[in-house]
Amino acid sequence: MSEANMSKNEETHQTFCRICESLCGLNVTVADGKITQVRPDNDHIATGGFACIKGITQHELYNSPDRLTHPMKRTGSDWSRVSWDAANAEIGNKVRAIIDAHGPDSVAMYVGTAAGFGVLHPVFAKGFIDGIGSKALYSPATQDCASKFAAAREVYGFPFTQPFPDVERTNCLIIVGANPVVSKWSFLQVPDPTKKLRAIEARGGKVIVIDPRKTETARIASQHLFVRPGTDVYFYLAFLNEVIARKAVRHDIVAQHTVGFDELAQLTTGWSPERAAHATGISAEDLRSIVDDYLRADGASLYSSTGVNMGPNGVLAWWIQEAINLVTGNLDRKGGTLVAKGVIDFARFGTRTGLLVGNHTSRIGGFRQVNDAHPGGVLADEILTPGKGQIKVLFVTGGNPLITMADSAKLKRAFEHLELLVTVDIYRNEVGSLAHFTLPATDPFQRPDLPFVFPLMLGLQSKPYLQATKALVPALGEQRDEATIYLDLCKASGVSLFGSKPAQFLLEKATARHSAKRADNRRSVPQEGILNLILKLTRQPSFTQLLKSPHGWARPDHTDSSFLGTKRVTTDDGKVHLSTPLLLKRAAQLEADFGRELASVGRMKMITKRHVKTHNSWTHNIEKLISGDGTNHVWMHPADAQDLGLVEGAFADVQSTTSTVRISVRFTDDLMRGTCAIPHGWGHQHATGMTVASKTKGVNVNLLGASGPDNVDSLSNMSQMTAIPVSVSIAAGPPDTSSWSGIAP
């Protein structure tokens, strides 16, 4: 497992990254209990020496003197150290009192992205909120991907049935609103995406990118076409209209494996390429040429991600995309799109147990849950609106919604109204700065793990494999793993994990025995034992056996013809539903949306943008990743800026219906005219426990998004986070990032 360098008292361990879906294999050098270097693992079974700058510098994030090492309590503006016993007792007493007075739904939880890249953290966090009996669960999905989950539940019967492009064999890949070269794909582990995309072209295939920006991915693609932000659904409708007009539908597949095609075909009537072009900016000639490439290829796939998900019609766009892949015979075939198998049939397990397919509706707006979670866009209203079920207590675990959610200024006001706010994190970020308690968690290198839920349970990997890792360095101070934290909070709150008294009892006993055996006596659930049990129950190699394959253990490759016509399609009738009442009801709004779109042609739209060195809101506390001017900018086409009298380097006011941010201007020819782009994840000036990030000058672009029930999609529960109509003008004054609006109040 390790290579020793005795002269330097160092050991190098094999492990894997846990900051995104790529899960890149890493060689981590440890000296005297501290990580000194992180490098790519050249021998890794899947990632083969690939890792990004964020992954190989993450130890600087974990080694920071800003790390939380002890439970902390806030009184007014002062923070004081408290013991775990005292923190748990006070939190537990408050939770019990709130439940007694206002019911279980008055206690809510937000499970952030950082929680999702480990196995036990999200399981135990959900176990805690389920133990309380609350349905008030929130997640980042309604900021970036819930549209895919909501549509998949309608089409395939389960939200996590997520077909993916067979990148290794496809001959035509059309990427809409995604930038895998920088984001490292989404809902799929594709290490070194640049290499994979170039391989498609090297074998004679085509990569076509549809995006309002000539992204890093578009620069290496065969073809790039600009599309007006937020109009992707009209591109897809025209695409399907053209497929049907050319009689390219595989009616044998449609008849055997689907229902609802006639209603879908009727929906596309009238959406000719010529009509769609008025909104999208993609000419009818160009669209037909793309359809030519797609239909001509021996294996083709349409793929989209956050640029589509986060727009105004993400759920409809994904639905039509999946329908195109299916009716052309490209779903469940090599070179097209595949539906992977994890270590269990997660879709059948979920539908049988009711996991992730709950029908509970939110108090505000009456939105049905997506993945058992409510819309983040109504969280502020749920806190601020009196009545039965008003949220009084909020736990935020591994997340930073004040940076990532729409209308952050309103959300901040809501958080200040809470009777109890608790964060579980490695830093005191913006949310932690408002919290009553901050509980110090371990980082990924301080705990054992398996690849997180997407590859483990769903098999969403271009090359399937499993890997196990031990903890590489010890926890510092009184840091605890999240599983232990939530087990103890259950006990303190007088509830049982998942509402199961036997599970709570057995885990408490196992934790006491395991902790007593530790050399440091640190309280900890037996994490390796639990992970090993998961492997045993799913008939995989044991945790110890996986450790003997430090570069990864290969699983069977993906197969085609393994989804359609099988029990893996978990709809009531076992058929793929090409239309459903809920999807058609949502689609009934398209004509009105199209009219508003045409009326707004010529108005500026703002899109979000990823920075290659930063990962959402996570990595801004690493000096070298925010080096330079330490800020984000509004990127504009030079001609647009000239029309508005803007000078590069000067400040502009970007105004939406919700807020205004004051930000410096940068020029680029890579943007479609009428589009501006602002990188997200910035605006950390209010993070009192992040000394590097708090000195940056960037602004939080999500202030420009709108919240509230009128601004949440009725089916996906998503707030609109991109393609936001804005006005851009010369700044009316100097920048003032000390306010939550980005300018002087």
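If you read the sequence from its start, that first residue is 1, and numbering goes on from there.
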Q: Would you mind telling me which of T404, T306, T614, N616 makes a side chain to side chain donor-acceptor pair (under 3.5 Å) with H680?
A: N616
Q.
Keeping Q446 on the side-chain end and P474 on the backbone end, is there a donor-acceptor pair under 3.5 Å?
A. yes
Q) What pairs meet the salt bridge (Lys or Arg N to Asp or Glu O under 4.0 Å) rule with one or both residues in residues 42-63, with sequence neighbours excluded? A) E60-K624
Q. Hey, what do you get for CG (L173) to CG (L197), rounding to the nearest 0.5 Å?
A. 6.5 Å
Q. If you take all heavy atoms of H59 and T36, which pair is closest and at what distance?
A. NE2-O, 3.8 Å
Q.
Side chains of L456 and V343, heavy atoms from C-beta outward: is any pair under 4.5 Å?
A. yes
Q: Keeping the roles fixed (side chain from T696, backbone from A693), state whether a donor-acceptor pair exists under 3.5 Å.
A: yes
Q: State, yes or no, whether a side-chain contact exists between L450 and F543 at a heavy-atom distance under 4.5 Å.
A: yes
(Q) Between H44 (side chain only) and A46 (backbone N and O only), is there a donor and an acceptor less than 3.5 Å apart? (A) yes
Q. Hey, mind stepping through E168 and K463 against salt bridge (charged side-chain N to carboxylate O under 4.0 Å, His left out) and telling me if it holds?
A. CA-CA 9 Å; E168 305 287 345; K463 181 179 178 62; over 6 Å; no
Q: For E10 and T29, run side-chain hydrogen bond (donor to acceptor under 3.5 Å, both in side chains): C-alpha distance rounded to whole Å, both residues' side-chain angles, the deciding distance at 0.1 Å, then the answer.
A: CA-CA 7 Å; E10 293 180 342; T29 302; 5.3 Å; no
Q) With no hydrogens and no angle check, is any side-chain donor or acceptor of R81 less than 3.5 Å from a backbone partner on H70? A) no
Q) Please walk me through it: do D211 and N179 pass side-chain hydrogen bond (donor to acceptor under 3.5 Å, both in side chains)? A) CA-CA 9 Å; D211 202 283; N179 187 13; over 6 Å; no
Q) So do I663 and V654 actually touch side chain to side chain, heavy atoms under 4.5 Å? A) yes
(Q) Check whether T397 reaches the backbone of V111 with its side chain - one donor and one acceptor, N or O, closer than 3.5 Å. (A) no
(Q) Checking E430 against H684 for the side chain to side chain contact (heavy atoms under 4.5 Å, CB included) test, could you report, in this order, the C-alpha distance in whole Å, the side-chain angles of both residues, the deciding distance, and whether it holds? (A) CA-CA 7 Å; E430 284 80 359; H684 292 286; 2.8 Å; yes
Q) Under the 3.5 angstrom rule, does the side chain of N702 hit a backbone N or O of I403 as a donor-acceptor pair? A) yes
(Q) Can you confirm whether L535 sits close enough to Q545 that some side-chain heavy atom of one is under 4.5 Å from a side-chain heavy atom of the other? (A) no
Q) Of the non-hydrogen atoms in V209 and A221, which two are nearest, and what is the gap between them? A) CG2-CB, 3.7 Å
Q. Going by an N to O cut-off under 4.0 Å, is there a salt bridge joining D629 and R666?
A. yes
Q. For S524 and D481, which heavy atoms make the closest approach, and how far apart are they?
A. OG-OD1, 3.3 Å
(Q) For a side chain to side chain contact (heavy atoms under 4.5 Å, CB included) check, start with the C-alpha distance between F50 and K195, then their side-chain angles and the critical distance, and finish with the verdict. (A) CA-CA 10 Å; F50 176 80; K195 179 180 178 181; over 6 Å; no
Q: Would you give the length of the straight line joining atom CZ of R219 to atom NZ of K214, rounded to the nearest 0.5 angstrom?
A: 8.0 Å
Q) Is the gap between the ring centers of H558 and F164 under 6.0 Å? A) yes
**Q.** Full working for side chain to side chain contact (heavy atoms under 4.5 Å, CB included) between R203 and T170
**A.** CA-CA 10 Å; R203 60 177 176 260; T170 191; 4.1 Å; yes
Do any side-chain atoms of residues 16-26 form donor-acceptor pairs under 3.5 angstrom with protein atoms, and if so which ones, sequence neighbours left out?
residue	atom	partner	partner atom	Å
R18	NE	F16	O	3.3
R18	NH1	P444	O	2.9
R18	NH1	D449	OD2	3.4
R18	NH2	T15	OG1	3.4
R18	NH2	P444	O	3.1
E21	OE2	F187	N	3.1

Q) Between S139 (side chain) and A141 (backbone), is there a donor-acceptor pair under 3.5 Å? A) yes
Q. Is the backbone N or O of A475 less than 3.5 Å from a side-chain atom of R522, with the two atoms forming a donor-acceptor pair by type?
A. yes
Q: Would you confirm whether the ring centroid of F452 sits within less than 6.0 angstrom of the ring centroid of H121?
A: no
Q | Geometric class of the F149/F454 ring pair [parallel <30°, tilted 30-60°, perpendicular >60°] | A | perpendicular
Q) Tell me, do R428 and W79 make a side-chain contact under 4.5 Å, heavy atoms counted? A) yes
Q: For the residue pair V612 and E216, establish whether any side-chain heavy-atom pair is separated by less than 4.5 Å.
A: no
Q: Any chance you could measure L434, atom CG, to N429, atom CG, to the nearest 0.5 Å?
A: 9.5 Å
Q: Check the pair Y62 / V473 against side chain to side chain contact (heavy atoms under 4.5 Å, CB included), numbers first and verdict last.
A: CA-CA 11 Å; Y62 309 143; V473 291; over 6 Å; no
**Q.** Closest approach of T438 to G432 (non-hydrogen atoms, all atoms of both residues)
**A.** CG2-O, 3.7 Å
Q) Out of curiosity, L466 CG to T538 OG1, how far, rounded to the nearest 0.5 Å? A) 7.5 Å
**Q.** F128 and Y486 aromatic centres sub-6.0 Å
**A.** yes
Q) What is the distance from atom CZ of R198 to atom CG of D192, rounded to the nearest 0.5 Å? A) 9.5 Å
**Q.** Side chain proximity check, D144 to M721, heavy atoms < 4.5 angstrom
**A.** no
Q. For the residue pair M718 and C145, what are the closest heavy atoms and their distance?
A. CE-N, 3.8 Å
Q. Do the side chain of K184 and the main chain of V182 share a donor and acceptor less than 3.5 angstrom apart?
A. yes
Q: Decide whether a cation-pi geometry holds between R523 and W84; the criteria are a distance under 6.0 Å from NZ or CZ to the six-membered ring centre and an angle within 45° of the ring axis.
A: no
Q) Under the criterion side-chain contact (heavy atoms from CB on, under 4.5 Å), which of I626, I622, L625, T57 is the partner of K613? A) L625
(Q) Looking at every heavy atom in both Q479 and L68, which two are closest together, and how far apart are they? (A) NE2-O, 2.9 Å
Q. How many angstroms lie between atom CG of N63 and atom CG of L476, to the nearest 0.5 angstrom?
A. 8.5 Å
Q: Apply the test side-chain hydrogen bond (donor to acceptor under 3.5 Å, both in side chains) to residues T691 and D66: give CA-CA distance (whole Å), side-chain angles for both, the deciding distance (0.1 Å), then the verdict.
A: CA-CA 7 Å; T691 57; D66 291 336; 2.8 Å; yes
Q.
For Y110 and F395, I'd like to know if the aromatic rings sit close, meaning centre-to-centre distance below 6.0 Å.
A. no
Q: Mind running side-chain hydrogen bond (donor to acceptor under 3.5 Å, both in side chains) on N632 and H611 for me, showing each step along the way?
A: CA-CA 9 Å; N632 54 351; H611 190 288; over 6 Å; no
Q. Does the T619 side chain pair with the main chain of H615, one donor and one acceptor, at a distance under 3.5 Å?
A. yes
Q. Would a 4.5 Å heavy-atom cut-off, applied to side chains only, mark P401 and L411 as touching?
A. yes
